There are 2 protein chains.
Amino acid sequence: MELTGQVAVVRGEEELWARTAHLFATATDVACAANDLNTWARSRHPPTPPRVVGMRVRKIYRPSVLLDPNSARHVTEVNALGADVRITPDELNETIILDRRLAILAGETSGGVRNYSVIPLPDVVAGVMSLFEAAWRGATELAVYDAQTAELRELAPRVLELLGTGCKDETAARSLGLGVRTYRRRVAELMAALGAGSRFQAGVRARELGLV
Amino acid sequence: MELTGQVAVVRGEEELWARTAHLFATATDVACAANDLNTWARSRHPPTPPRVVGMRVRKIYRPSVLLDPNSARHVTEVNALGADVRITPDELNETIILDRRLAILAGETSGGVRNYSVIPLPDVVAGVMSLFEAAWRGATELAVYDAQTAELRELAPRVLELLGTGCKDETAARSLGLGVRTYRRRVAELMAALGAGSRFQAGVRARELGLV
DNA sequence: CTCGGATCGGCAACTTCCTGCCGGCCGTGG
DNA sequence: CCACGGCCGGCAGGAAGTTGCCGATCCGAG
């Protein structure tokens, strides 16, 4: 770990947890933004098991977490444990803010390990916090989003599979018993959920999430 | 391992090598077809380290192995060790034929492990062999193909990166200092090399190969 | 110098994809 | 029963991608 002023840059999640575990253990206000579950979750040290009733845990995810059944289940569980979960279509940098006093920002990945900046500076944390609040306000409650996209998740696996075969929309639509217009609606929703601006990008993202 | 007539179905490569290692050790004529290097190579037991001079080793790969620098290097090494390597744009089932007497065909993958059919039946092996020969004749010598696609591999990383950002061809072409026509030529070549029929599929394949 | 081959990039025709619009169908609630 | 809202799918117009063609340019060989 190297020091840059008062900002500590740690390499890899191992080191991050080692350094901040005690803070997570006592935090009562956790704000977290993540694009997928690979960054904060599934690690050795789950950052936010919300046990205490008085604490407030807020998490913002991208819609794509709802497409992967495993991720969706995990998010639902976290939500059931008392965390407030919202969904946003925007691209967010992985961020955690503890008790409005410490900000952790994920940075570049080099050689498989990601850098994390641990920032205790009050002004910086306040600025990051206000951005988080804005993103939070703009995001959709998990339950609401979940209801909106229920039927999409129903069809998503088959749509992805058909896209993965490289066949034309016409063919794929018929094979699903849908009109081409409706099929394309599904694809568009899927791409929005994946945050992809092109089908190539959607393919990459889908593969990253293990959906194909 | 279960037995089906005289055809043995083994689950996973471990078991396959355990059962066939002695055959690989003595084989003098090895024919192998593979879509990528994940199936036969990189395993605990490299199936074909061609040491003896009298033996003949033939391998058919898909063009995509040349896109991944690591794979490309591995293939080149194998080639330098005396194996005949050819490239085909066709989709081939993973296949190994030993001494024209034993065929090994890769089958379905279930739960992460793949099934392999080990076939000693002479008629079946002869049939598979003739198909392999046909594919072999239709494939291109590695050196030739390599020369043809040298400049593609030069540009491929950047093209893939741009595709991965989801930007339009116009934008991507400019950012590479190419005409749109040329950029699209590169994309088309890339898709052919990946065996993809759509950009979505290309995205999936590219991600599978770790190229993005 | 000239020829042959290769690449580039503009043009154009075509296919595929994207999306707003709208009419039709269906279930809900007044 | 009817109004309303949601979803479906055809249509149409436009955007994006695909491909053959061709002239311009750039070597390297003869």
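Residue numbers start from 1 in every chain, and the chains themselves are labelled A, B, ... in the order their sequence lines are given, proteins ahead of strands. This structure is a prediction, so every number in the text was calculated from the model and none was measured.
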May I have the distance from [X] (atom [atom1]) to [N] (atom [atom2]), rounded to whole angstrom?
| X | N | atom1 | atom2 | answer |
| --- | --- | --- | --- | --- |
| A:Y183 | C:dC17 | OH | P | 8 Å |
| B:E170 | D:dT18 | CD | C1' | 15 Å |
| A:L190 | C:dC17 | CG | P | 15 Å |
| A:F200 | C:dC18 | CZ | P | 15 Å |
| A:R174 | D:dG9 | CZ | C1' | 12 Å |
| A:K168 | C:dC14 | NZ | C1' | 13 Å |

request  = Please figure out whether A:D169 or B:L178 has its closest DNA chain C nucleotide nearer the 5' end.
outcome  =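 Closest to the 5' end, via its nearest nucleotide, is B:L178.
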
Candidate nucleotides C:dG10, C:dC17, C:dC18, ranked by approach to the side chain of B:R181 - the nearest =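 The listed nucleotide nearest to B:R181's side chain is C:dG10.
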
query = Ignoring hydrogens and angles, are the base of D:dG17 and the side chain of A:R199 linked by a donor-acceptor pair under 3.5 Å?
reply =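 Checked by distance alone, the answer is no.
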
ask   = Considering only heavy atoms and no angle criterion, is a donor-acceptor pair shorter than 3.5 Å present between the side chain of B:R184 and the base of C:dG9?
value =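 No, the side chain and the base share no sub-3.5 Å donor-acceptor pair.
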
request  = Applying side-chain contact (heavy atoms from CB on, under 4.5 Å) between A:V7 and each of A:L121, A:V118, A:V124, report the one that passes.
outcome  =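 That would be A:L121.
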
message = Both B:M191 and B:R185 contact DNA chain D. Which one's nearest nucleotide lies toward the 5' end?
response =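 The answer here is B:M191.
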
request  = Check whether the side chains of A:N115 and A:S110 place a donor and an acceptor atom closer than 3.5 Å, and report yes or no.
outcome  =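 The answer is no; no qualifying pair exists.
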
request  = Report yes or no: do B:S175 and B:R158 form a side-chain donor-acceptor pair below 3.5 Å?
outcome  =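 Judged by distance alone, the side chains do not pair up.
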
query = Does B:R186 make a side-chain N or O approach to OP1 or OP2 of C:dC8 shorter than 4.0 Å?
reply =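 Result: yes.
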
request  = Look at the side-chain N and O atoms of A:T182 and state whether any lies under 4.0 Å from the OP1 or OP2 oxygen of D:dG9.
outcome  =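 Yes, such a contact exists.
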
query = Going through the distances and angles, do A:Y116 and A:L105 end up as a side chain to side chain contact (heavy atoms under 4.5 Å, CB included)?
reply = CA-CA 6 Å; A:Y116 297 92; A:L105 303 184; over 6 Å; no

